[in-house]
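All values below were derived from every heavy atom in this structure, side-chain atoms included, with hydrogens, water molecules and symmetry-related copies excluded. Every number for a ligand or one of its atoms is a count from 1 in the order of the listing.
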Amino acid sequence: MADEALILTETDGHVGILRLNRPKALNAISPDLIQQVADQLDQWDRDEQIYAMVITGSDKAFAAGADIVDMAPRSTMEMHQRDQFAVWDRVAKVKKPIIAAVSGFALGGGCELMMMCDVVIASETAQFGQPEINLGIIPGAGGTQRFTRAVGKATAMDVILSGRFLSAEEALDYGLVSRVAPADSYLDEAIKLAHTMAKKGPLALQIGKEAVNKAFETTLGEGVQFERRLFYMLFSTEDQKEGMKAFMEKRKPDFKAR
Ligand code: CAA
C-alpha cells in the first residue's frame with residue numbers, strides 16, 4: 001500500500017486549503033513534510049486563481065513540533081550542512097495571505113509554522129508553546145524572534161524558558177492569535193475569512209501583507225515611506241480604478257487581479 005500523503009490539499013473557489021496529515025505523530029514536521037508544504041504554498045502563490053490560503057492540522061494537533069525522531073541523532077555539522085530550516089523560510093515568503101486554523105497542540109515548530117502565517121484562528125482547545133527547552137535545545141525555526149515580537153519579552157521568556165503551554169484564551173490575550181472559535185467551527189471560520197479576503201482586490205491583499213510585515217523589519221519612518229510607495233503603486237492597477245468606481249456607482253467591485 002502506498003504511504004499516506006503527508007499533506008492533503010483542496011481548493012474551494014479562490015481559496016487553497018492545506019491539511020498537515022501525520023496524525024499518528026501529531027503532525028510532527030519532518031523535512032519531507034515541510035518541503036511539501038512549502039512546494040504547495042509556492043504553487044498556490046503562482047496560481048492566478050488562488051487569492052488566499054488556509055493551513056490546518058487535525059483537531060488533536062495543528063503540529064507538535066519539528067520531528068524529534070529525525071533530529072535526535074544529528075551532529076552540529078549535519079544540522080549546519082543540511083540547514084533544514086531554510087525550507088521553512090519559504091513559508092514566510094509567500095505573498096498571498098495565509099490563515100492558520102489551529103486546534104490542539106501548536107508546539108515548537110508547529111507554533112513557528114503557525115507564526116509564519118498571517119492570521120491565526122484558534123479552536124478553544126488549542127495549546128501553544130515552544131517546549132524545545134525540555135529537549136535541551138531552543139526554537140530553531142524563528143520561534144525566539146516571532147514569538148517575542150507577538151507576545152513581548154516578558155511572556156516570551158516565561159514560555160520559552162519554562163516550556164509551559166498557553167491556552168487559547170491566554171494566546172488571544174497576549175496577541176499570539178487573532179480569534180478563538182468553538183472547537184466545531186474554527187476551520188469553517190478560517191475558510192470563511194479566507195473567502196472574505198478572496199473577494200477583495202487580490203493585488204491589494206498581497207501588497208497589504210507585505211506592508212504589515214515590513215513593520216517588523218524596519219523603523220517607523222522607513223515603514224511609513226515604504227507603505228506610501230506601495231499605496232501610490234496600487235494606483236497603477238485596474239483594481240484600484242474598479243474599486244473606487246464601484247464605490248461611487250454604489251455596486252460591488254469586480255476585481256480582476258490586474
Ligand atoms: N516529533 C516526533 N514525534 C512526535 C512529536 C515530535 N515533535 N510530538 C509527538 N510525537 C509522536 C510521539 O512520539 C508519539 O508517537 P508514538 O505513538 O509512536 O509513541 C505520538 O506522536 C503521540 O504523542 P504522545 O504519545 O506523546 O501524545 P500525548 O498526547 O501524550 O502528548 C505532546 C502530546 C504533549 C504534544 C507530546 O507528544 C510532546 O511533548 N511532543 C513533543 C513536543 C515538542 O517538544 N515539540 C518541539 C519539537 S523540537 C522543534 O520543534 C524545534 C524547532 O524549533 C523547529
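Of the charged side-chain nitrogens involved, at least one lies within less than 4.0 Å of a carboxylate oxygen, so that Arg164 and Asp158 count as a salt-bridged pair.
Scanning both residues, Gly140 and Glu112, for their nearest heavy atoms gives N-OE2, 3.4 Å.
A side-chain donor-acceptor contact under 3.5 Å links Lys241 to the backbone of Phe235.
Under the 4.5 angstrom side-chain criterion for Ile, Leu, Val, Met, Phe, Trp and Tyr, the cluster partners of Met71 are Met79. Applying the under-4.5 Å side-chain rule to Ile, Leu, Val, Met, Phe, Trp and Tyr, the cluster around Leu107 extends to Leu26, Phe105, Phe165.
Sorted by first and then second residue, the salt bridge (charged side-chain N to carboxylate O under 4.0 Å, His left out) pairs with a member in residues 69-85 read Asp70-Arg74, Asp70-Arg82, Arg74-Glu78; sequence neighbours excluded.
Listed by chain and residue number, the protein contacts of ligand 1 are Lys24, Ala25, Leu26, Ala28, Lys60, Ala64, Gly65, Ala66, Asp67, Ile68, Met71, Phe85, Phe105, Leu107, Gly108, Gly109, Glu112, Pro131, Glu132, Leu135, Pro139, Gly140, Ala141 (heavy atom within 4.0 angstrom).
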